[in-house]
Amino acid sequence: MTTMVRSIDPLVVGRVIGDVLDMFVPMVDFRVQYGTKHIFNGCEIKPSLATDRPLVHISGLPSTDNLYTIIMIDPDAPSPSEPKMKEWLHWIVVDIPQGMDASKGRELVEYMGPKPPTGIHRYVFVLFRQKGAIAKQWQLPSARNNFSTRSFAAYNGLGLPVAAVYFNSQKEAANKKLRT
């Protein structure tokens, strides 16, 4: 099966490039899905669909020589008009082998599903190629709020991302009973 690396254009239009990441050249294809719903740039996902960890699969032949880190953040916390807590960290997994999914890596920050309090939030998955297995202790954030993907990547020697994808989500209306 042939996979195509995603275009960076939707990341520019969605302001992921600029707000979260610097310009980069996508070099790896990866798939993110919640249940049967595949994530593509700018799609809408209800928070109730994303309560459990997504399946994140990195393309390529299985190889423990090529390892990856995935980071999930919300750059719009607590609200898109006043993102004073940006970036809100939702997940970090390291040492993910090429050709496998994130469950084969080491979870450094436990997954937290989207819970946008107000407005439409972007949830960004950023993929980095590691230079090797993580041997040293990583500098982990002390809190989930005000995380910086750029600073984390620089401090831990990850360089620029090799792929990214984002989805939009907003607070769901309270369940109302259907009347017939």
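Along the sequence shown, residues carry numbers from 1.
- Under the 4.5 Å side-chain heavy-atom criterion for ILVMFWY residues, a single connected hydrophobic cluster contains both Met23 and Val124.
- Side chain of Asp101 to main chain of Ser103: a donor-acceptor pair is present (N/O by atom type, distance under 3.5 Å, no hydrogens or angles).
- Note on Met72 and Trp88: separate hydrophobic clusters, where clusters join Ile, Leu, Val, Met, Phe, Trp and Tyr whose side-chain heavy atoms are under 4.5 Å apart, directly or indirectly.
- By the rule that hydrophobic residues join a cluster once side-chain heavy atoms approach within less than 4.5 Å of another member, Tyr111 and Val56 end up as members of one cluster.
- In this structure a side-chain-to-backbone donor-acceptor pair under 3.5 Å is present from His90 to Met112.
- Taking Met100 as the reference, Pro62, Pro97, Lys104 meet the side chain to side chain contact (heavy atoms under 4.5 Å, CB included) condition, with sequence neighbours excluded.
- The ring-ring contact (aromatic ring centres under 6.0 Å, His included) test with Tyr123 is passed by exactly one of Tyr166, Tyr34, Trp91, Phe167: Phe167.
- Under the 4.5 Å side-chain heavy-atom criterion for Ile, Leu, Val, Met, Phe, Trp and Tyr, Phe125 and Val25 are members of the same hydrophobic cluster.
- Judged by distance alone, the side chain of Arg122 and the main-chain N or O of Gly14 form a donor-acceptor pair under 3.5 Å.
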Problem set entry | Derivation of the side-chain hydrogen bond (donor to acceptor under 3.5 Å, both in side chains) call for Thr149 and Glu87 | CA-CA 8 Å; Thr149 301; Glu87 301 161 21; 2.5 Å; yes

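- Remark: the backbone N or O of Val20 is not paired with any side-chain donor or acceptor of Arg15 at under 3.5 angstrom.
- A donor-acceptor pair under 3.5 Å is absent between the side-chain atoms of Gln98 and the main chain of Ile58, judged by distance alone.
- Note: the hydrophobic cluster containing Leu67 does not contain Val109 (ILVMFWY, side chain heavy atoms under 4.5 Å, direct or indirect links).
- Under the side-chain hydrogen bond (donor to acceptor under 3.5 Å, both in side chains) criterion, the residue pairs touching residues 43-53 are Ser48-Glu172, Arg53-Glu107, with sequence neighbours excluded.
- A distance of 6.0 Å separates CG of Leu158 from CZ of Phe128, quoted to the nearest 0.5 Å.
- Among Ile92, Val93, Asp95, the single residue meeting the side-chain contact (heavy atoms from CB on, under 4.5 Å) criterion with Leu108 is Ile92.
- Remark: Asn66 CG to Gln130 CD distance equals 10.5 Å, nearest 0.5 Å.
- One N or O on the side chain of Gln33 and one on the backbone of Gly35 form a donor-acceptor pair closer than 3.5 Å.
- Counting only distance, with no hydrogens or angles, the side chain of His57 and the backbone of Gly99 share a donor-acceptor pair below 3.5 Å.
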Exercise. Would Val126 and Leu21 count as a side-chain contact (heavy atoms from CB on, under 4.5 Å) if you check the C-alpha gap in whole Å, the side-chain angles of each, and the deciding distance to 0.1 Å?
Worked result: CA-CA 9 Å; Val126 185; Leu21 303 172; 3.9 Å; yes

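- Residue Leu55 holds its CG atom at 11.5 Å from CZ of Phe30, rounded to the nearest 0.5 Å.
- Between the Ser169 side chain and the Ile45 main chain, a donor and an acceptor come within less than 3.5 Å of each other.
- Here the CG-CG distance, from Leu89 to Asn145, works out to 10.0 Å after rounding to the nearest 0.5 Å.
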